[in-house]
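Atoms within each ligand, like the ligands themselves, are counted from 1 in listed order.
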Amino acid sequence: MKAFVIGNAALDETVSVDDFPRPGASIFGQALSQDLGGKGVNQAVAMARTGLACHLIAAVGQDARGREIAARLAAEPVMAQLIALPGVATDNSIILMAGHGENAVITTRAAAGAMTPDHAIVALEKAAPGDLLVLQGNLGAATTGAALRAARARGMRTALNPSPMQDYVAELWPLVDCAFVNEDEAAMLGGDAALLAQGVAEVVLTLGARGAALVRPGARIDAPASPCVVVDTTGAGDCFMAVALASAALRGAPLDARALRHAAIAAAWTVGRAGTVSAFPDTGAMRAILAGD
Ligand SMILES: Nc1ncnc2c1ncn2[C@@H]1O[C@H](COP(=O)(O)OP(=O)(O)OP(=O)(O)O)[C@@H](O)[C@H]1O
């Protein structure tokens, strides 16, 4: 079984602040750090570090930041296919990390928005029935829809994390087998019951420090978060989704309580460290997590 993540690639620029600036205010930040990021990259790298065969398909510009992303991805076990598009800038995320543990993220989407339906369809030509497609909310409506339809035509399983939330997502749920949503997203979408009613087979609700729940028609599994000291929550949701899916896939099992436990431990590892991809468990730590109960 292989996973295909079609999504965005970015460099995360994180600055620590005591608190978020009010409109019009100028404030000091404490440190600027750079990390590999973008939800597509985050999820693909976390999956690949578990040992699951994982392809990443993402677009960058033909610029220094695109080359930097390629160089950093080369050090990861993910099979990365970066499409270097002429005339667009590589995407960036600007992350404000506040002293109270919350963050605010602004992501550009020039390269992600320029990915076409053909990019997605061609990328999935290597997929086999039973392989997994993982998507997030950064691509355009046509490309996301084409990826989901191509996956269904190939007998793949599909998972979607609708973040950042875009309006078009409402039309896509009948093509999604598994939805991962945080509390805000669940509220915007009318709750897990509304997603199940639109044909989604299973919904994973992530509830921050209160853990997560796996909901299927007539069944619900609750899983607590793993305790940790909060340093930086950036990427926790991406790490959680990737590890939950990979844990189940590597065992040939459906999503289950054990997958949620593995995901919670990996996400807490991330929350307890600064950064995005660099805060995820490395390959050794990830395999140790997945070996546990
Ligand atoms: N304070 C915390 N302590 C322990 N685990 C946490 C904490 N916050 C998040 N997590 C873990 O990360 C998972 C995902 O968190 P959350 O529900 O906040 O998703 P998210 O909003 O998509 O995250 P983010 O946008 O920060 O990446 C949770 O289900 C939990 O396992």
Side-chain angles (χ1 to χ4, degrees), residues 5 7-8 10 12 14 16 20 35-47 93-107 134-138 159-166 169 178-189 191-192 195 202-215 220-248 255-281 285-286 289-290 292:
V5 179
N8 67 329
D12 285 356
T14 301
S16 302
F20 300 127
D35 201 358
L36 193 53
K39 292 181 69 70
V41 164
N42 295 348
Q43 295 181 4
V45 168
M47 275 196 176
S93 290
I94 310 296
I95 301 171
L96 292 185
M97 199 168 76
H100 45 74
E102 276 189 298
N103 62 43
V105 185
I106 306 165
T107 301
V134 180
L135 296 170
Q136 315 79 30
N138 286 287
L160 174 67
N161 169 211
S163 170
M165 184 74 78
Q166 301 204 50
V169 78
C178 179
F180 278 72
V181 291
N182 69 15
E183 282 183 291
D184 290 344
E185 290 149 6
M188 282 188 264
L189 294 165
D192 50 275
L195 294 178
E202 51 195 5
V203 178
V204 177
L205 299 167
T206 63
L207 308 167
R210 287 182 292 111
L214 167 60
V215 187
R220 177 177 172 121
I221 300 173
D222 284 286
S226 185
C228 66
V229 175
V230 178
V231 174
D232 175 6
T233 62
T234 315
D238 292 336
C239 185
F240 187 97
M241 177 177 182
V243 174
L245 289 169
S247 164
L255 277 176
D256 57 8
R258 191 172 173 209
L260 298 187
R261 283 196 296 277
H262 291 161
I265 296 167
W269 176 292
T270 305
V271 169
R273 290 166 173 78
T276 317
V277 163
S278 63
F280 291 172
M286 204 65 102
I289 291 168
L290 265 64

The side-chain hydrogen bond (donor to acceptor under 3.5 Å, both in side chains) partners of S278 (sequence neighbours excluded) come to D35

Residue set satisfying salt bridge (Lys or Arg N to Asp or Glu O under 4.0 Å) with E185, at least two apart, ordered chain then number -> none

Show the numbers, then the answer: is there a side-chain contact (heavy atoms from CB on, under 4.5 Å) between V134 and M241? CA-CA 10 Å; V134 180; M241 177 177 182; 3.7 Å; yes

Q) Do N161 and Q136 get their side chains close enough for a donor-acceptor pair, meaning under 3.5 Å? A) no

TODO: Take N8 and V41 through the side-chain contact (heavy atoms from CB on, under 4.5 Å) test and state the conclusion after the steps.
DONE: CA-CA 7 Å; N8 67 329; V41 164; over 6 Å; no

Check each N or O atom of ligand 1 against all protein N or O atoms and list the pairs under 3.5 Å, with atom names and distances to 0.1 Å, one per line.
residue	atom	partner	partner atom	Å
ligand 1	17 (O)	T206	O	3.3
ligand 1	17 (O)	T206	OG1	2.8
ligand 1	17 (O)	L207	N	3.4
ligand 1	17 (O)	G208	N	2.8
ligand 1	19 (O)	T206	OG1	3.4
ligand 1	21 (O)	N182	ND2	2.9
ligand 1	23 (O)	G237	N	3.4
ligand 1	26 (O)	T233	O	3.0
ligand 1	27 (O)	G235	N	3.4
ligand 1	27 (O)	A236	N	3.1
ligand 1	27 (O)	G237	N	2.9
ligand 1	29 (O)	G211	O	2.9

List the atom pairs, donor and acceptor, that lie under 3.5 Å between side-chain atoms in residues 264-277 and the rest of the protein, sequence neighbours left out.
residue	atom	partner	partner atom	Å
T270	OG1	A266	O	3.0
R273	NH1	W269	O	3.1
T276	OG1	D12	OD2	2.6

